[in-house]
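Below is one structure; the comments refer to it alone.
No experiment lies behind these values; they were computed from the predicted model shown. Chain identifiers are assigned alphabetically (A, B, ...) following the order of the sequence lines, protein sequences preceding nucleic acid strands; residue numbering begins at 1 within each chain.
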Protein chains: 2
Amino acid sequence: MKEDNSLEEVKEIFSDYLTKKKHRKTPERFAILEHIYTHRGHFDAEMLYNMMQEDYRVSLATIYNTLDLLLDCSLILKHPFVGQTAQFEKTFGTGFHHHLVCSKCGSVKEFSDMKIRRTLQAKKFASFETTHYSLYLYGICSKCRKEMNSKKNK
Amino acid sequence: MKEDNSLEEVKEIFSDYLTKKKHRKTPERFAILEHIYTHRGHFDAEMLYNMMQEDYRVSLATIYNTLDLLLDCSLILKHPFVGQTAQFEKTFGTGFHHHLVCSKCGSVKEFSDMKIRRTLQAKKFASFETTHYSLYLYGICSKCRKEMNSKKNK
DNA sequence: TTTGTTGCAAAACGTTTGCAGCCTC
DNA sequence: GAGGCTGCAAACGTTTTGCAACAAA
């Protein structure tokens with residue numbers, strides 16, 4: 001699947017969703033979707049706002065509004081990181097991955113592990129229909145580990 | 001391990017931690033710890049504050065301060081649920097468990113799975129020191145599933 | 001034409017901070 | 001007695017809301 005196709009595909013999904021829910025297809029909404037899908041990695045509302053100021057001006061309120069819609073139709077996901085601002089990520093074309101979160105500096109790295117993935121996907125419940133999962137490993141990244149060690153030696 | 005012993009044990013851990021870090025052993029800190037460990041389930045700062053008003057008055061600021069200390073010595077953990085307020089949970093005497101979160105009604109259930117636990121604990125990184133992990137499975141709980149089915153049949 | 005959506009600014013919310021007085025150590 | 005800790009209230013940063021103007025259907 002090519003990047004370009006992915007963008008068109010995603011716009012269509014959003015369009016269908018808006019139609020189904022009887023929401024309006026405003027240029028702002030599609031501009032926001034487009035910026036998200038031509039951007040790499042995680043982002044929060046303000047990063048998206050700043051990024052968009054250059055070529056398509058929208059208000060923060062509209063960004064929050066649209067993020068809710070995109071969440072509802074699963075075109076983005078909201079990360080439950082412990083911290084100040086809500087982090088988002090697009091869901092199409094990113095491949096599967098888990099997250100490493102540094103408890104010290106809050107940095108987030110991604111990793112993939114097939115064994116973990118298989119183990120989790122195999123899990124079934126009688127009275128719960130799993131749609132997706134999120135796995136976060138917390139700890140200290142190498143950068144912070146170095147800083148802590150050098151402080152200790154003082 | 002009995003509940004009563006667990007409380008004493010936990011107080012000792014906290015006491016040792018405070019000594020080691022050269023922090024003071026104030027009555028407020030131990031009162032907060034005690035309330036947390038005689039309470040079941042998840043809680044947030046304000047719930048704890050309201051709960052404590054009855055028999056030991058502390059300020060919200062002190063609660064936040066103490067929660068940070070308890071996090072630092074791993075007597076509680078902070079849940080990265082998607083949402084407004086930070087959720088905490090005690091770490092001793094609760095057994096290990098993962099979480100099922102219903103995307104429809106937001107209810108949270110716990111489950112245990114040794115295979116998953118072992119797989120995740122076995123994972124090691126060269127440049128990341130893992131301290132803990134959190135796993136959340138999202139989906140639709142049986143109650144919401146029934147509601148959705150009965151709506152569809154109308 | 002209707003009514004959902006936008007931008008703006010103000011409000012709300014959880015959390016953090018500054019500071020005077022208190023109480024461990 | 002010194003300095004960390006507390007309570008209070010004000011400040012902070014993110015997200016939500018109220019409202020008038022606008023534009024999609």
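Between B:L70 and B:Y17 there is no side-chain heavy-atom pair separated by less than 4.5 Å. Between B:I36 and B:V10, every side-chain heavy-atom pair lies at or beyond the 4.5 Å cut-off. Looking only at side-chain heavy atoms (C-beta outward), A:Y56 and A:E28 come within less than 4.5 Å of each other.
Regarding A:L18, its CG atom lies at a distance of 9 Å from the P atom of C:dT5, rounded to whole Å. The distance from atom CG of A:L60 to atom P of C:dA11 is 18 Å, rounded to the nearest whole Å. Atom C1' of nucleotide C:dT15 and atom CE of B:M47 are separated by 17 Å, given to the nearest angstrom. For the pair B:L48 CG and C:dG14 P, the computed distance is 15 Å after rounding to whole Å. Computed from coordinates, the B:Y64 OH to C:dC13 P distance equals 13 Å when rounded to whole Å. Taking atom CG of residue A:D68 and atom P of nucleotide C:dT6, one finds them 12 Å apart after rounding to whole Å. Put simply, OH on A:Y49 is 13 Å from P on D:dT14, counting in whole angstrom units. What separates CG of B:L67 from C1' of C:dG14 is a distance of 13 Å, to the nearest Å.
Under a cutoff of 6.0 Å and an axis angle of 45°, A:K90 and A:F88 do not form a cation-pi pair. Judged by the 6.0 Å distance and 45° axis criteria, B:K109 is not positioned over the aromatic ring of B:F111.
Taking the six-membered ring for Trp and the full ring otherwise, B:F30 and B:F14 have centroids separated by under 6.0 Å.
Dashed line: the shortest gap from a side-chain N or O of B:T85 to OP1 or OP2 of C:dG14 is not under 4.0 Å. OP1 or OP2 of C:dG7 has at least one side-chain nitrogen or oxygen of A:T62 nearer than 4.0 Å.
A distance of 5.0 Å separates NZ in A:K123 from CZ in A:F125, rounded to the nearest 0.5 Å. Distance check: A:H35 NE2 to A:M52 CE gives 4.5 Å after rounding to the nearest 0.5 Å.
Remark on DNA chain C: of its neighbouring residues B:A45 and A:I63, the 5'-side contact belongs to A:I63, judged by nearest-heavy-atom nucleotide. For B:R29 and B:A61, each mapped to the nucleotide of DNA chain D holding its nearest heavy atom, the one lying further toward the 5' end belongs to B:R29.
Contact annotation for B:N65: backbone-only contact, meaning every heavy-atom pair under 4.0 Å involves sugar-phosphate atoms and none involves a base.
A parallel orientation is assigned to the rings of A:Y136 and A:H99, their planes being inclined by less than 30° (bins at 30° and 60°).
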For nucleotides 23-25 of chain C, list the nitrogen or oxygen atoms of the protein found under 3.5 Å from its nitrogen or oxygen atoms, one pair per line.
from	atom 1	to	atom 2	distance (Å)
C:dT24	O2	B:R24	NE	3.4
C:dT24	O2	B:R24	NH1	2.9
C:dT24	O2	B:R24	NH2	3.3
C:dC25	OP1	B:K25	N	2.8

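Summary for the helix from C:dT1-D:dA25 to C:dC25-D:dG1: the axes at its two ends, each from 5 pairs, differ by 40° when rounded to the nearest 10 degrees.
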